[in-house]
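Written below as structure tokens is the structure these notes are about.
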Amino acid sequence: MRTLRHPRGLATGGPALVPVAVLALVLALTGCAGSPQDGSDPAMTARSSATSPVPDAPLTVTDWAVTSLSGAPVPAGSTGRARFALTPDGTAAGSLGCNRFSSPAAVEGDSVTFGPLTSTRMACEGPAGEVERALTGLFGAGPLTWRIQGRTLTLTAADGRALTAEAASAAE
């Protein structure tokens, strides 16, 4: 008759059980460190917060710096000079690139209408004059459709003329 023996250590919990015990512990700890209770994936949450979109700047109470007119960048000599802001009480004010202006402004849904512009009367030539004439024409074109994406505002007239403006930073 043959006697069957257990391999050394298995019956007594010796060295052969150590790797099995370590593997069981690792699996148990991995299972405990699973997803949070809300079901979200911590890696996804970290990635999405790092690439989350910039919140839209508000249409009113934002200082908008005109960066392009009808798809073309403002001329180099007038970059950053044409600026405006709309107030919640229905006015617009700023610089047309050369002269300062103010105007009534009505926001209804996705459109804004500028009333007659009141401005200073300096003679504006060159790039600043070009920007001023384009903005004066656009603001007087009737209702403009507005759209904000992040910190970029686009105002578009019914005839396709448009301006793009960037929200000024707090330091400006």
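Model, not experiment: these values are computed from the prediction.
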Going from CZ on Phe114 to OG1 on Thr91, what distance comes out if it is rounded to the nearest 0.5 angstrom? 10.5 Å
Taking every heavy atom of Pro127 against every heavy atom of Pro75, the minimum-distance pair comes out as CB-CB, 3.5 Å
Between Met122 and Asn99 the two heavy atoms that sit nearest each other are N-OD1, 2.7 Å
From Leu96 CG over to Arg133 CZ, what is the distance, rounded to the nearest 0.5 angstrom? 11.5 Å
Closer than 3.5 angstrom, by distance alone: can the side chain of Trp64 be matched with the main-chain N or O of Thr164 as a donor-acceptor pair? no
OG-CG distance between Ser119 and Leu135, expressed to the nearest 0.5 angstrom: 11.5 Å
For Ala92 and Ala105, work out which heavy atoms get closest and say how close. CB-CB, 4.0 Å
I need the minimum non-hydrogen distance between Ser111 and Pro143, along with the two atoms involved. CB-CB, 4.4 Å
Residues Leu69, Leu163; criterion side-chain contact (heavy atoms from CB on, under 4.5 Å); working and verdict: CA-CA 4 Å; Leu69 294 163; Leu163 75 76; 3.8 Å; yes
Hey, is the main chain of Ala168 close enough, under 3.5 Å, to the side chain of Arg151 for a donor-acceptor pair? yes
Under 3.5 Å, side chain of Ser95 to main-chain N/O of Arg81, donor-acceptor pair present? yes
Would you compute the distance between atom CG of Leu153 and atom OG1 of Thr62 and round it to the nearest 0.5 angstrom? 9.0 Å
For Thr67, is there any backbone N or O sitting under 3.5 Å from a side-chain donor or acceptor partner on Glu166? no
Point-to-point distance, once rounded to the nearest 0.5 Å, from CD1 of Ile148 to CG of Leu59: 5.0 Å
Is the backbone N or O of Trp146 less than 3.5 Å from a side-chain atom of Asp110, with the two atoms forming a donor-acceptor pair by type? no
I need the minimum non-hydrogen distance between Asp56 and Gly150, along with the two atoms involved. OD1-N, 2.7 Å
Can you see which heavy atom on Leu138 is nearest to which on Ala162, and at what distance? CD2-C, 3.9 Å
From Glu125 atom CD to Glu132 atom CD, the distance as rounded to the nearest 0.5 Å: 12.0 Å
Check: Gly115 main-chain N/O paired with Ser103 side-chain donor or acceptor under 3.5 Å: yes
